Amino acid sequence: MSKKRILLKLTGTILGSNTFEAHHLISLANQMKRLEKQVQFGIVIGGGNIFRGSQHGNLLHIKPAIGHQVGMLATVMNGLLMHDIFTQHGLHNSILSAFACPEIGPAISSITIESALDRQNTIIFTGGTGNPFFTTDTNAILRALQMDAQQVWKGTDVDGIYTQDPDTHPEALLLRKVTYRQALDKKLHIMDATAFALAREYNQTIRVFNIFEKDALIQAFENEDFGSLVYTQD
Ligand code: UDP
């Protein structure tokens, strides 16, 4: 049986918001090891715990393109931390970078992706798309397409896709299944517009779920109703 390929998108705050902590990554490493016979994971990690181009760059009044470049470097730092923590906990993984960083890991290409997958390694994609003005969400769809992933799993801190922001609207309803058309009609915020358009064009199925739930990856694998699903209706 061939393994399912999943692209997991994680925010940098998985490493903590005001400090650095490893326990979420250790839990993810253990869950991925439990799923290793069935799933090959690629992970896109953000950098928001260290630097976000628009947010922190604006505070410093630096050129937006420079701010985004620093944000992308933050994703490399997180990726390197993740690589070490995963390795310590027995999860075989390869770190790849969107821009030349030979001391850290090889550049992202079809060749380096397939070679990591052939070695049964989890892939850590760092450096964003390599271009300013894009987002980690867009990067997640891009890398999912490059590794032929069947699904993108967006790990968030809410239970899935809601009719409104659940933080400000307690009456918001959780939607278990949404087509791309419904998401556009209802103006649901799932990913930014560029990421959403790319995912829709290539019929990429997206799962959104709470990554901080116990055994979230196992639940997402075993239970179709865990979180929310965005898909193209034939
Ligand atoms: N970024 C970028 N191009 C990309 C991906 C990311 O310029 O293709 C920059 C952008 O400034 C972003 C920062 O990297 O704010 C860190 O990523 P993000 O904010 O998505 O991290 P997260 O909030 O998911 O941790």
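Remember, it's 1-based here, ligands and their atoms both numbered in the order they're listed. Computation of the quantities below employed the complete heavy-atom set of this structure, encompassing side-chain atoms and omitting hydrogens, waters and symmetry-equivalent molecules. Note that this is a predicted model, so its numbers are computed, not measured.
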On the 0 to 90° scale, with breaks at 30° and 60°, tag the His24-Phe212 ring pair as parallel, tilted or perpendicular. perpendicular
Under the salt bridge (Lys or Arg N to Asp or Glu O under 4.0 Å) test, residues paired with Asp215 that sit two or more places apart: Arg34
Under the salt bridge (Lys or Arg N to Asp or Glu O under 4.0 Å) test, which residues partner Glu224, sequence neighbours left out? none
Starting from Leu91, can I reach Phe221 by hopping between I/L/V/M/F/W/Y residues whose side chains sit under 4.5 Å apart? yes
Other ILVMFWY residues reachable from Tyr231 by side-chain steps of under 4.5 Å: Leu229
Hey, would you say the Phe196 and Tyr180 ring centroids sit under 6.0 Å apart? yes
Tell me the residues surrounding ligand 1, counting only those with a heavy atom closer than 4.0 angstrom, sorted by chain and number. Lys9, Thr11, Gly12, Gly46, Gly47, Gly48, Phe51, Arg52, Gly53, His68, Gly71, Met72, Gly128, Thr129, Asn131, Pro132, Phe133, Phe134, Thr135, Thr136
